[in-house]
Amino acid sequence: MPFGNTHNQLKMKYSAAQEFPDLSKHNNHMAKVLTMEMYERLRDKQTPSGFTLDDVIQTGVDNPGHPFIMTVGCVAGDEESYELFKDLLDPIIKDRHGGYKPTDKHKTDLNPDHLKGGDDLDPNYVLSSRVRTGRSIRGFCLPPHCSRGERRTIEKLSIDGNSLDGDLKGKYYALKNMTEEEQQRLIDDHFLFDKPVSPLLLASGMARDWPDARGIWHNDSKTFLVWVNEEDHLRVISMQKGGNMKEVFTRFCTGLTKIEALFKQKGHEFMWNEHLGYVLTCPSNLGTGLRGGVHVKLPNLSKHEKFGDILKKLRLQKRGTGGVDTAAVGGVFDVSNADRLGFSEVELVQMVIDGVKLLVEMEKKLEKGQPIDDLMPSQK
Amino acid sequence: MASTFAHMMSGRKAVLALAGLSAGTLATGYIMSDSRSTAAIEKMKIYPPSADFPDLRKHNNCMASALSPAIYSRLRDKLTPNGWSLDQCIQTGVDNPGHPFIKTVGMVAGDEESYEVFADLFDPVIRDRHNGYDPHLMKHPTDLDSSKITSGLFDERYVLSSRVRTGRSIRGLGLPPACSRAERREVERVAAQALSGLKGDLAGRYYSLGEMTEEEQQRLIDDHFLFDKPVSPLLTCAGMARDWPDARGIWHNNEKTFLVWINEEDHTRVISMEKGGNMKRVFERFCRGLKEVERLIQERGWEFMWNERLGYILTCPSNLGTGLRAGVHVRLPLLSKDPRFSKILENLRLQKRGTGGVDTAAVGDIYDISNNDRLGKSEVELVQLVIDGVNYLVECEKKLEKGQEIKVPAPIPQFKQ
């Protein structure tokens, strides 16, 4: 349970102006949208589980802005947060997700047969391929707000729920029980997640009680991985070396479908609705919650003056290979879809496949000293 | 002094009235609060206390030593009148299993009533931390009469600086882990307004953290006055850094010998200090400043959190009672290398730190020496203890210089039983 909220009604003895946060030095989506009038309207409300407006915005108040990226500045404590605080969250969603309106419907498509191509990205350039998303279990509070009892129940359901077979057969490693050897191996495999250090996450209360009920499940072939109770209830990752994005996505869809079936057997379902798609802790991950991407060598293209513009037209974003807060090393970039909501899973991965294909083509041309003007894409 | 706090202020909010009541009235706590929805109450049934009991097997702090499933079960569903819960008190101790050098307390209060409603856990933690002080059997003495101090002038060839600090909380407003932004701003307003009424050698100025200029900031850093946003997870996990730097600031007098921090780890932290060895004058100014500030807030209908069981109420149980740390920076090149140094300090009820503060090591044989105790002895007693103890240490140093013998003193008794 977050702090400072406690008995929300007691705060009502102070006026909205007395409680309103000082956002004068802030640059995040929440600070752009939250007005005094909105604060006054919403401040006395709480979701059935007790999550309040101040709980939603605390992370945005405590973190005025990120140097590289405009952060969202709010989180949900439960599924109902998105409904009760829609006056605040809908405009943020619209701003963050390319104009997505409160009346728009989101399409879910986890059928890998709908994907065209994607099995032949040039491995001389595309070093690895990966797709990740998140899932929340309906009826439970989300990481900023859940109690220890809830978090442990989610873990228990996830362990039981992961009795998968074949290519997906694997094992669960609870963070608090793992041996030194297991820990080192998971670090070497780049699987282990650590206690969050980012103030964006800490300020929302997601790291409480660490490492209680946190863990990692992965299959024996190390190509399918589930994080339990990190930033979301579940984070699901499919990955492998090389450029066969189709295979990665197929395993991703198969795994997700099977996990969902196992949860349903136990009487649980994922949080989903036809407006917001899959519901996750951070509004930035609504819809598909999907980030599909590759590590790709683009030493020449990345120096081209139009690189940023090309990515934008392809609806792609670049990161360093260390993740969202890093810079590229040795001309190798993490390139992935920029969107999450308003496009289906298949559509987003298709954009990555088609986009990366084009980027590699351009890189090859620039290697040979040839121009790339005729390859310039139009805005997707 | 004690009787002033027993007096009830008329016409204040109900919460102030509650704060002054004796322990028994609030011991039962609030099982059902009308702020809790049906869903929240349902959750309490679906998840019995055993489902939520924290995993403390790898923990080493006072809270973890004291918290049993039975105590947790009794207290989990209670709330203080301000809606603060046990889980919120102990979150910092759950998130921080243990400090390498020191057994941390592992819990905080969200309001004055926390110490009553959750007494089943706070009391054993207080006993553990404060050498067996039992809040139900003992009374804490408050004494800010600096005229009682004797021999408070140290040899300045050894003692480089002298300092006394404490904290004060404003009754009726939530403590830093729990306060809302409006409450925190109210603390700032009440404190800054009172401080602006100080005169003479105490006259000074307030610098709000969010509004100070670059020059002011640099000067405060150079003077070693500026406090920063807490980075210690012991504090951040307790929610004390929320909304930073809103309503935080520093007040100091023009002579830079009296300093007040507002809304850092407590509502206020009050510090009197100066270069050299005149601890008596440091303490005299400390007492005078504190009494004057108290008078000024009382003029406007406010008072400090205090009761006769626990003395001054602060956020962390380790600072209950006097909340007082009186200390010096002292050169002890020979004594510090003597194998009996630790034992001498222990018997004198003193502790050593590096000159950078609690988490640092000594540099150049200069030590920060201060009192161990906070609760169960008065301010005058503790400062006298530091004065007598430091004088003894300096005497030892001088004897060692001349090649003479030194003795480990007999241990000072803890409480007047």
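Convention: sequence-line order gives letters A, B, ...; per-chain numbering from 1.
When all heavy atoms of A:Arg152 and B:Ser50 are compared, the closest pair comes out as NH1-O, 4.4 Å. Of all heavy-atom pairs between B:Leu173 and A:Tyr14, the closest is CD2-OH, 3.4 Å.
At a threshold of 4.5 Å between non-hydrogen side-chain atoms, the residues B:Asp243 and A:Gln58 count as touching. A 4.5 Å side-chain heavy-atom check between B:Asp55 and A:Arg148 finds every atom pair outside the cut-off.
Once rounded to the nearest 0.5 Å, the distance linking CE of B:Met44 with OG of A:Ser147 reads 12.0 Å. With rounding to the nearest 0.5 angstrom, the CG atom of B:Asn82 is 12.5 Å from the NZ atom of A:Lys11.
Within the 4.5 angstrom heavy-atom criterion, atoms from both the backbone and the side chain of A:Lys176 approach chain B. For a residue to count as touching a neighbouring chain, one of its non-hydrogen atoms must lie under 4.5 Å from one of that chain's; by this rule A:Thr153 touches chain B with the side chain only. Contact annotation for B:Ile90: only side-chain heavy atoms (C-beta onward) come within less than 4.5 Å of a heavy atom of chain A. At a 4.5 Å heavy-atom cutoff, the contact between A:Asp212 and chain B is made by side-chain atoms alone.
Contact count against chain A (heavy-atom pairs under 4.5 Å) is highest for B:Pro54 among B:Pro54, B:Pro49, B:Ala51. Ranked by heavy-atom pairs shorter than 4.5 Å toward chain B, the options A:Gly149, A:Gly205, A:Ser15 are led by A:Gly149. Most heavy-atom pairs under 4.5 Å with chain A, from the set B:Arg181, B:Arg57, B:Glu183: that is B:Arg181.
Side-chain N or O atoms of B:Arg185 include one that pairs as donor or acceptor with a backbone N or O of A:Gln18 at under 3.5 Å. In this structure, the side chain of A:Lys25 engages the main chain of B:Gly210 through a donor-acceptor pair within 3.5 Å.
Shown here is A:Lys32, whose NZ atom has no more than 12 heavy atoms of other residues, nucleotides or ligands within 6.0 Å.
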